[in-house]
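Have a look at the structure below before the remarks.
Reckoned from all heavy atoms, side chains included, excluding hydrogens, waters and symmetry mates.
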Amino acid sequence: MNQISKPIAKRHFLQLKDFTTEEILYILDRAIILKKKFKNYEPHTPLLDRTLAMVFEKASTRTRVSFEAGMYQMGGFVINLTSSDSQLGRSEPIEDTARVVSRMVDIVMIRTFEQTRLENFAEHSRVPVINGLTNEYHPCQILADLLTFIEYRGPIQGKTVTWIGDENNMSYTWIQAAELLDFTLHFSAPKDYQLKPERIAGVSDKHLKVFDDPMEAAHNSDLITTDVWTSMGYEEENAKRKTAFEKWQVNEEMMKVANSDALFMHCLPAHRGEEVTAGVIDGPQSVVWDEAENRMHVQKAVMEFLLTGKQ
(Lines give C-alpha, C1' and ligand atoms only; values in the text may rest on other atoms or scores of the structure.)
Protein backbone atom coordinates (compact mmCIF):
# COMPACT_ATOMS: atom_id res chain seq x y z
CA MET A 1 0.00 0.00 0.00
CA ASN A 2 1.24 3.50 -0.80
CA GLN A 3 1.99 5.66 2.19
CA ILE A 4 1.33 9.38 2.00
CA SER A 5 4.58 11.19 2.66
CA LYS A 6 4.91 13.89 5.28
CA PRO A 7 4.61 17.49 4.08
CA ILE A 8 7.84 19.21 3.05
CA ALA A 9 8.76 22.90 2.96
CA LYS A 10 6.54 24.78 0.52
CA ARG A 11 8.15 25.78 -2.77
CA HIS A 12 6.72 27.21 -5.97
CA PHE A 13 7.67 26.70 -9.62
CA LEU A 14 6.91 30.07 -11.21
CA GLN A 15 9.86 30.22 -13.60
CA LEU A 16 12.69 27.88 -14.53
CA LYS A 17 15.16 29.69 -12.26
CA ASP A 18 13.11 28.70 -9.23
CA PHE A 19 14.98 25.39 -9.50
CA THR A 20 18.74 25.00 -9.35
CA THR A 21 20.70 23.29 -12.10
CA GLU A 22 20.93 20.19 -9.91
CA GLU A 23 17.18 20.20 -9.32
CA ILE A 24 16.37 20.62 -13.01
CA LEU A 25 18.62 17.68 -13.88
CA TYR A 26 16.92 15.67 -11.13
CA ILE A 27 13.46 16.56 -12.51
CA LEU A 28 14.52 15.48 -16.01
CA ASP A 29 16.01 12.21 -14.75
CA ARG A 30 12.92 11.58 -12.67
CA ALA A 31 10.66 12.29 -15.66
CA ILE A 32 12.47 9.59 -17.63
CA ILE A 33 11.80 7.12 -14.82
CA LEU A 34 8.13 8.10 -14.55
CA LYS A 35 7.72 7.88 -18.32
CA LYS A 36 9.17 4.35 -18.29
CA LYS A 37 6.73 3.36 -15.54
CA PHE A 38 3.86 4.81 -17.59
CA LYS A 39 4.91 2.95 -20.74
CA ASN A 40 5.24 -0.31 -18.79
CA TYR A 41 1.81 0.11 -17.14
CA GLU A 42 3.56 0.09 -13.77
CA PRO A 43 1.38 1.75 -11.10
CA HIS A 44 3.03 4.67 -9.33
CA THR A 45 0.80 6.57 -6.92
CA PRO A 46 2.96 8.75 -4.64
CA LEU A 47 0.28 11.46 -4.59
CA LEU A 48 -2.50 9.24 -3.29
CA ASP A 49 -5.40 11.37 -2.06
CA ARG A 50 -3.62 14.63 -2.95
CA THR A 51 -5.67 17.22 -4.87
CA LEU A 52 -4.51 19.46 -7.70
CA ALA A 53 -6.48 22.62 -8.49
CA MET A 54 -6.01 23.84 -12.06
CA VAL A 55 -6.85 27.51 -12.57
CA PHE A 56 -7.28 28.52 -16.20
CA GLU A 57 -7.55 32.20 -17.03
CA LYS A 58 -6.13 31.29 -20.46
CA ALA A 59 -7.62 28.34 -22.31
CA SER A 60 -5.51 25.28 -23.10
CA THR A 61 -5.71 21.75 -24.46
CA ARG A 62 -2.26 20.30 -23.77
CA THR A 63 -1.84 21.93 -20.35
CA ARG A 64 -5.15 20.63 -19.06
CA VAL A 65 -4.81 17.10 -20.42
CA SER A 66 -1.18 16.69 -19.35
CA PHE A 67 -1.68 17.93 -15.78
CA GLU A 68 -5.01 16.19 -15.29
CA ALA A 69 -3.92 12.83 -16.67
CA GLY A 70 -0.61 13.03 -14.82
CA MET A 71 -2.22 13.74 -11.45
CA TYR A 72 -4.73 10.90 -11.86
CA GLN A 73 -1.91 8.52 -12.80
CA MET A 74 -0.13 9.40 -9.56
CA GLY A 75 -3.19 8.62 -7.47
CA GLY A 76 -4.47 12.15 -6.95
CA PHE A 77 -7.58 14.14 -7.75
CA VAL A 78 -8.09 17.18 -9.96
CA ILE A 79 -10.36 20.23 -9.77
CA ASN A 80 -10.59 22.38 -12.91
CA LEU A 81 -11.43 26.08 -12.49
CA THR A 82 -11.89 28.69 -15.20
CA SER A 83 -12.74 32.38 -15.09
CA SER A 84 -16.23 31.61 -16.37
CA ASP A 85 -17.10 29.17 -13.59
CA SER A 86 -15.35 30.73 -10.58
CA GLN A 87 -15.16 34.03 -8.73
CA LEU A 88 -12.05 34.91 -10.76
CA GLY A 89 -14.40 35.94 -13.52
CA ARG A 90 -16.40 38.10 -11.09
CA SER A 91 -13.54 40.37 -10.03
CA GLU A 92 -12.58 38.57 -6.83
CA PRO A 93 -9.00 39.57 -5.99
CA ILE A 94 -6.65 36.77 -6.98
CA GLU A 95 -5.09 36.97 -3.52
CA ASP A 96 -8.43 36.01 -1.97
CA THR A 97 -8.87 33.14 -4.40
CA ALA A 98 -5.42 31.90 -3.45
CA ARG A 99 -6.16 32.12 0.27
CA VAL A 100 -9.34 30.06 -0.08
CA VAL A 101 -8.37 27.50 -2.74
CA SER A 102 -5.04 26.68 -1.09
CA ARG A 103 -6.83 25.70 2.14
CA MET A 104 -8.70 22.97 0.28
CA VAL A 105 -6.13 21.45 -2.09
CA ASP A 106 -2.51 20.31 -1.95
CA ILE A 107 -1.07 21.98 -5.06
CA VAL A 108 -2.19 24.52 -7.66
CA MET A 109 -1.39 24.98 -11.34
CA ILE A 110 -2.37 28.33 -12.77
CA ARG A 111 -2.34 29.44 -16.41
CA THR A 112 -2.79 33.19 -16.53
CA PHE A 113 -1.66 36.49 -18.01
CA GLU A 114 0.97 38.62 -16.25
CA GLN A 115 3.68 36.95 -14.18
CA THR A 116 2.89 39.38 -11.36
CA ARG A 117 -0.62 37.91 -11.18
CA LEU A 118 0.85 34.44 -10.75
CA GLU A 119 3.31 35.74 -8.14
CA ASN A 120 0.49 37.38 -6.18
CA PHE A 121 -1.40 34.12 -6.16
CA ALA A 122 1.66 32.20 -4.98
CA GLU A 123 2.45 34.75 -2.27
CA HIS A 124 -0.94 34.16 -0.68
CA SER A 125 -1.09 30.39 -1.26
CA ARG A 126 -0.49 27.87 1.50
CA VAL A 127 0.50 25.18 -1.02
CA PRO A 128 2.94 24.92 -3.96
CA VAL A 129 1.98 26.80 -7.12
CA ILE A 130 3.10 25.83 -10.63
CA ASN A 131 3.24 28.15 -13.64
CA GLY A 132 1.19 26.55 -16.41
CA LEU A 133 1.96 29.57 -18.63
CA THR A 134 2.16 33.33 -18.23
CA ASN A 135 2.90 36.11 -20.66
CA GLU A 136 6.50 36.12 -19.42
CA TYR A 137 7.46 32.46 -18.89
CA HIS A 138 6.49 28.89 -19.83
CA PRO A 139 8.75 26.68 -17.68
CA CYS A 140 6.83 23.40 -17.97
CA GLN A 141 7.04 23.52 -21.76
CA ILE A 142 10.79 24.12 -21.75
CA LEU A 143 11.27 21.22 -19.32
CA ALA A 144 9.41 19.03 -21.82
CA ASP A 145 11.60 20.33 -24.65
CA LEU A 146 14.77 19.63 -22.67
CA LEU A 147 13.58 16.12 -21.86
CA THR A 148 12.84 15.46 -25.53
CA PHE A 149 16.28 16.66 -26.62
CA ILE A 150 17.98 14.50 -23.99
CA GLU A 151 16.01 11.44 -25.09
CA TYR A 152 17.15 11.89 -28.70
CA ARG A 153 20.61 13.42 -28.38
CA GLY A 154 21.83 13.10 -24.79
CA PRO A 155 22.99 16.00 -22.57
CA ILE A 156 22.26 19.47 -23.91
CA GLN A 157 25.28 21.08 -22.26
CA GLY A 158 27.52 22.70 -24.87
CA LYS A 159 24.91 22.37 -27.64
CA THR A 160 23.35 25.13 -29.76
CA VAL A 161 19.61 25.77 -29.76
CA THR A 162 18.12 28.23 -32.26
CA TRP A 163 14.93 30.14 -31.49
CA ILE A 164 13.20 31.50 -34.59
CA GLY A 165 10.42 33.91 -33.63
CA ASP A 166 9.56 36.86 -31.46
CA GLU A 167 10.46 37.59 -27.87
CA ASN A 168 7.85 35.75 -25.88
CA ASN A 169 7.44 33.51 -22.85
CA MET A 170 9.13 30.62 -24.65
CA SER A 171 12.23 32.55 -25.75
CA TYR A 172 12.83 34.04 -22.31
CA THR A 173 12.48 30.63 -20.68
CA TRP A 174 14.92 29.17 -23.21
CA ILE A 175 17.40 31.84 -22.13
CA GLN A 176 17.05 30.76 -18.51
CA ALA A 177 17.54 27.14 -19.57
CA ALA A 178 20.72 28.06 -21.47
CA GLU A 179 22.16 29.71 -18.38
CA LEU A 180 21.20 26.88 -16.04
CA LEU A 181 22.27 23.99 -18.28
CA ASP A 182 25.19 25.71 -20.00
CA PHE A 183 24.30 25.69 -23.69
CA THR A 184 24.01 28.46 -26.28
CA LEU A 185 20.75 29.95 -27.48
CA HIS A 186 20.68 31.64 -30.89
CA PHE A 187 17.80 34.12 -31.13
CA SER A 188 16.49 35.68 -34.35
CA ALA A 189 13.42 37.88 -34.83
CA PRO A 190 12.31 40.84 -36.97
CA LYS A 191 13.53 44.22 -35.74
CA ASP A 192 10.26 45.17 -34.00
CA TYR A 193 10.09 41.90 -32.07
CA GLN A 194 13.48 41.78 -30.37
CA LEU A 195 14.31 40.76 -26.83
CA LYS A 196 13.82 43.51 -24.25
CA PRO A 197 17.25 44.67 -23.00
CA GLU A 198 16.13 44.88 -19.37
CA ARG A 199 15.06 41.23 -19.45
CA ILE A 200 18.40 39.90 -20.71
CA ALA A 201 20.71 42.14 -18.68
CA GLY A 202 23.58 40.07 -17.36
CA VAL A 203 23.13 37.15 -19.75
CA SER A 204 26.53 36.21 -21.17
CA ASP A 205 27.41 35.91 -24.86
CA LYS A 206 28.21 32.29 -24.13
CA HIS A 207 24.56 31.58 -23.45
CA LEU A 208 22.78 34.02 -25.79
CA LYS A 209 23.63 35.23 -29.28
CA VAL A 210 21.24 37.47 -31.24
CA PHE A 211 21.09 37.35 -35.06
CA ASP A 212 19.40 39.62 -37.57
CA ASP A 213 19.50 36.86 -40.20
CA PRO A 214 17.48 33.76 -39.25
CA MET A 215 19.52 31.56 -41.60
CA GLU A 216 22.71 32.62 -39.87
CA ALA A 217 21.11 31.85 -36.51
CA ALA A 218 20.21 28.35 -37.68
CA HIS A 219 23.71 27.59 -38.94
CA ASN A 220 25.27 24.57 -37.17
CA SER A 221 22.39 24.35 -34.71
CA ASP A 222 21.52 21.14 -32.85
CA LEU A 223 17.89 22.13 -32.37
CA ILE A 224 15.63 24.61 -34.15
CA THR A 225 12.47 25.60 -32.36
CA THR A 226 9.71 28.12 -33.00
CA ASP A 227 6.21 29.19 -32.03
CA VAL A 228 3.20 30.70 -33.76
CA TRP A 229 3.75 34.18 -35.18
CA THR A 230 0.71 35.50 -33.33
CA SER A 231 0.50 34.37 -29.72
CA MET A 232 -2.67 34.37 -27.63
CA GLY A 233 -3.65 37.94 -26.83
CA TYR A 234 -2.10 39.48 -29.94
CA GLU A 235 -4.71 38.42 -32.49
CA GLU A 236 -5.36 42.00 -33.59
CA GLU A 237 -1.75 42.12 -34.85
CA ASN A 238 -2.10 39.00 -36.99
CA ALA A 239 -1.89 40.62 -40.44
CA LYS A 240 1.03 42.83 -39.40
CA ARG A 241 2.92 39.89 -37.91
CA LYS A 242 2.44 37.70 -40.98
CA THR A 243 4.20 40.34 -43.05
CA ALA A 244 6.96 41.00 -40.51
CA PHE A 245 7.79 37.32 -39.96
CA GLU A 246 7.70 36.20 -43.59
CA LYS A 247 11.46 35.49 -43.64
CA TRP A 248 11.34 33.80 -40.23
CA GLN A 249 9.61 30.63 -41.37
CA VAL A 250 11.30 27.37 -40.40
CA ASN A 251 11.48 25.54 -43.73
CA GLU A 252 13.52 22.83 -45.40
CA GLU A 253 16.19 25.31 -46.49
CA MET A 254 16.69 26.48 -42.92
CA MET A 255 16.94 22.92 -41.58
CA LYS A 256 19.66 22.20 -44.16
CA VAL A 257 21.99 24.84 -42.70
CA ALA A 258 21.60 23.35 -39.23
CA ASN A 259 23.57 20.26 -38.24
CA SER A 260 22.59 17.17 -40.20
CA ASP A 261 21.08 15.56 -37.10
CA ALA A 262 19.35 18.72 -35.86
CA LEU A 263 15.92 18.32 -34.31
CA PHE A 264 12.85 20.49 -34.84
CA MET A 265 10.46 21.42 -32.02
CA HIS A 266 7.29 23.47 -31.70
CA CYS A 267 5.23 23.93 -28.52
CA LEU A 268 1.97 23.69 -30.55
CA PRO A 269 -0.58 24.45 -31.82
CA ALA A 270 1.19 24.99 -35.15
CA HIS A 271 0.12 26.80 -38.30
CA ARG A 272 1.59 24.92 -41.24
CA GLY A 273 2.57 27.29 -44.00
CA GLU A 274 3.20 30.15 -41.57
CA GLU A 275 5.90 29.74 -38.90
CA VAL A 276 6.79 26.26 -40.17
CA THR A 277 6.28 24.29 -43.36
CA ALA A 278 4.41 21.00 -43.36
CA GLY A 279 7.56 19.34 -44.70
CA VAL A 280 9.48 20.27 -41.55
CA ILE A 281 6.90 19.71 -38.80
CA ASP A 282 5.77 16.42 -40.36
CA GLY A 283 9.26 15.47 -41.48
CA PRO A 284 11.91 13.11 -40.06
CA GLN A 285 13.68 15.74 -37.95
CA SER A 286 10.52 16.80 -36.14
CA VAL A 287 9.96 15.50 -32.59
CA VAL A 288 6.91 17.61 -31.78
CA TRP A 289 4.65 14.72 -30.78
CA ASP A 290 7.16 13.31 -28.28
CA GLU A 291 7.67 16.88 -27.11
CA ALA A 292 3.93 17.28 -26.51
CA GLU A 293 3.66 13.98 -24.63
CA ASN A 294 6.63 14.88 -22.47
CA ARG A 295 4.69 17.75 -20.93
CA MET A 296 2.86 15.14 -18.88
CA HIS A 297 5.97 13.32 -17.75
CA VAL A 298 7.96 16.37 -16.64
CA GLN A 299 4.92 17.85 -14.89
CA LYS A 300 4.43 14.63 -12.98
CA ALA A 301 8.06 14.88 -11.88
CA VAL A 302 7.56 18.51 -10.84
CA MET A 303 4.41 17.77 -8.81
CA GLU A 304 6.03 14.77 -7.16
CA PHE A 305 9.11 16.86 -6.28
CA LEU A 306 7.13 19.78 -4.86
CA LEU A 307 4.90 17.53 -2.74
CA THR A 308 7.28 14.75 -1.65
CA GLY A 309 10.82 15.97 -2.28
CA LYS A 310 13.50 13.89 -3.97
CA GLN A 311 12.88 10.17 -4.20
Side-chain angles (χ1 to χ4, degrees), residues 1-8 10-14 26-86 88 97-98 100-112 118 121-122 125-133 138-145 147-148 151 267-269 288-311:
M1 179 180 294
N2 287 283
Q3 298 295 320
I4 300 177
S5 59
K6 295 180 180 179
I8 62 172
K10 180 188 70 177
R11 292 185 61 183
H12 302 303
F13 185 48
L14 310 184
Y26 166 80
I27 292 293
L28 294 170
D29 286 343
R30 189 66 184 161
I32 291 171
I33 293 171
L34 297 180
K35 184 174 183 177
K36 184 177 181 181
K37 290 179 181 290
F38 172 77
K39 297 295 184 181
N40 291 336
Y41 296 95
E42 180 181 342
H44 179 67
T45 55
L47 303 186
L48 190 67
D49 291 333
R50 301 291 184 94
T51 301
L52 163 69
M54 301 192 301
V55 181
F56 287 97
E57 295 190 298
K58 279 189 174 183
S60 173
T61 300
R62 278 156 294 279
T63 298
R64 177 174 179 180
V65 174
S66 57
F67 269 104
E68 191 162 344
M71 190 61 172
Y72 284 136
Q73 289 166 22
M74 292 193 294
F77 303 97
V78 180
I79 298 171
N80 182 45
L81 300 171
T82 66
S83 297
S84 62
D85 59 18
S86 71
L88 284 169
T97 302
V100 173
V101 171
S102 66
R103 285 174 174 263
M104 302 175 184
V105 302
D106 301 284
I107 190 167
V108 176
M109 183 284 299
I110 180 167
R111 182 177 172 98
T112 186
L118 172 73
F121 189 103
S125 172
R126 298 172 59 159
V127 301
V129 176
I130 298 172
N131 180 354
L133 174 144
H138 200 356
C140 290
Q141 180 64 59
I142 298 303
L143 282 179
D145 296 358
L147 174 61
T148 308
E151 287 180 323
C267 60
L268 303 177
V288 298
W289 313 121
D290 291 313
E291 177 190 6
E293 177 190 336
N294 280 339
R295 280 287 300 277
M296 181 177 74
H297 303 300
V298 294
Q299 289 163 186
K300 287 169 68 174
V302 169
M303 289 190 289
E304 182 189 64
F305 176 66
L306 291 176
L307 288 174
T308 70
K310 288 186 177 181
Q311 302 301 301

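In this structure, the side chains of V127 and L306 stay at 4.5 Å or more apart for every pair of heavy atoms. In this structure, the side chains of D106 and F77 stay at 4.5 Å or more apart for every pair of heavy atoms. Contact check for V55 versus T112: no side-chain heavy atoms found under the 4.5 Å cut-off. Within the 4.5 Å cutoff, side-chain heavy atoms of K10 are placed close to those of P128. With contacts defined as side-chain heavy-atom distances shorter than 4.5 Å, the pair M71/M54 does not qualify. Using a 4.5 Å heavy-atom threshold, the side chains of M303 and R50 count as separate. Side-chain contact between S60 and L133 is absent, with no heavy atoms from C-beta onward closer than 4.5 Å. Proximity of F13 to I27: side-chain heavy atoms (C-beta onward) are nowhere separated by under 4.5 Å.
Y26 meets the ring pair (Phe, Tyr, Trp, His ring centres under 6.0 Å) test with F305; sequence neighbours excluded. K36 pairs by the salt bridge (Lys or Arg N to Asp or Glu O under 4.0 Å) definition with nothing, not counting sequence neighbours.
Not a single donor-acceptor pair under 3.5 Å links the side chain of E68 to the backbone N or O of S66. The main-chain N or O of A31 is never found under 3.5 Å from a side-chain atom of H297 such that the two would form a donor-acceptor pair. In this structure, the side chain of T51 does not engage the main chain of V105 through any donor-acceptor pair within 3.5 Å. In terms of modelled atom types and a separation under 3.5 Å, the side chain of S125 and the main chain of F121 share no donor-acceptor contact.
Rounding to the nearest 0.5 angstrom, the gap separating the CD1 atom in I107 from the CG atom in L47 is 7.5 Å. Summarising the geometry, atom NE2 belonging to H44 is positioned 10.5 Å from atom CD belonging to Q73; distances are rounded to the nearest 0.5 Å. One distance of note links CG of D29 with CG of L147; it measures 9.5 Å at 0.5 Å rounding. Considering CD of E57 and CG of L81, their distance stands at 10.5 Å, rounded to 0.5 Å. Within the model, atoms CZ of F56 and CZ of R64 stand 7.0 Å from one another, a figure rounded to the nearest 0.5 Å. Distance check: M74 CE to L48 CG gives 11.5 Å after rounding to the nearest 0.5 Å.
Among all heavy-atom pairs drawn from I130 and F67, the shortest one is CG2-CZ, 3.9 Å. Across every non-hydrogen atom of M296 and A69, the tightest pair is SD-CB, 3.9 Å. Between M109 and G132, the closest heavy-atom pair is SD-CA, 3.6 Å. Pairing each heavy atom of A122 with each of H12, the nearest pair is O-NE2, 3.2 Å. Nearest heavy-atom pair across L28 and L143 is CD2-O, 3.5 Å. For the residue pair V298 and C140, the shortest heavy atom distance occurs at CG2-O, 3.8 Å.
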Query raised in the report: Going through the distances and angles, do N294 and E151 end up as a side chain to side chain contact (heavy atoms under 4.5 Å, CB included)?
Result: CA-CA 10 Å; N294 280 339; E151 287 180 323; 3.0 Å; yes
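None of Q299, Q141, R111, K58 except one satisfies the side chain to side chain donor-acceptor pair (under 3.5 Å) rule with T63; the exception is R111.
Using a 4.0 Å cut-off between charged nitrogen and carboxylate oxygen, E291 and R62 do not count as a salt-bridge pair.
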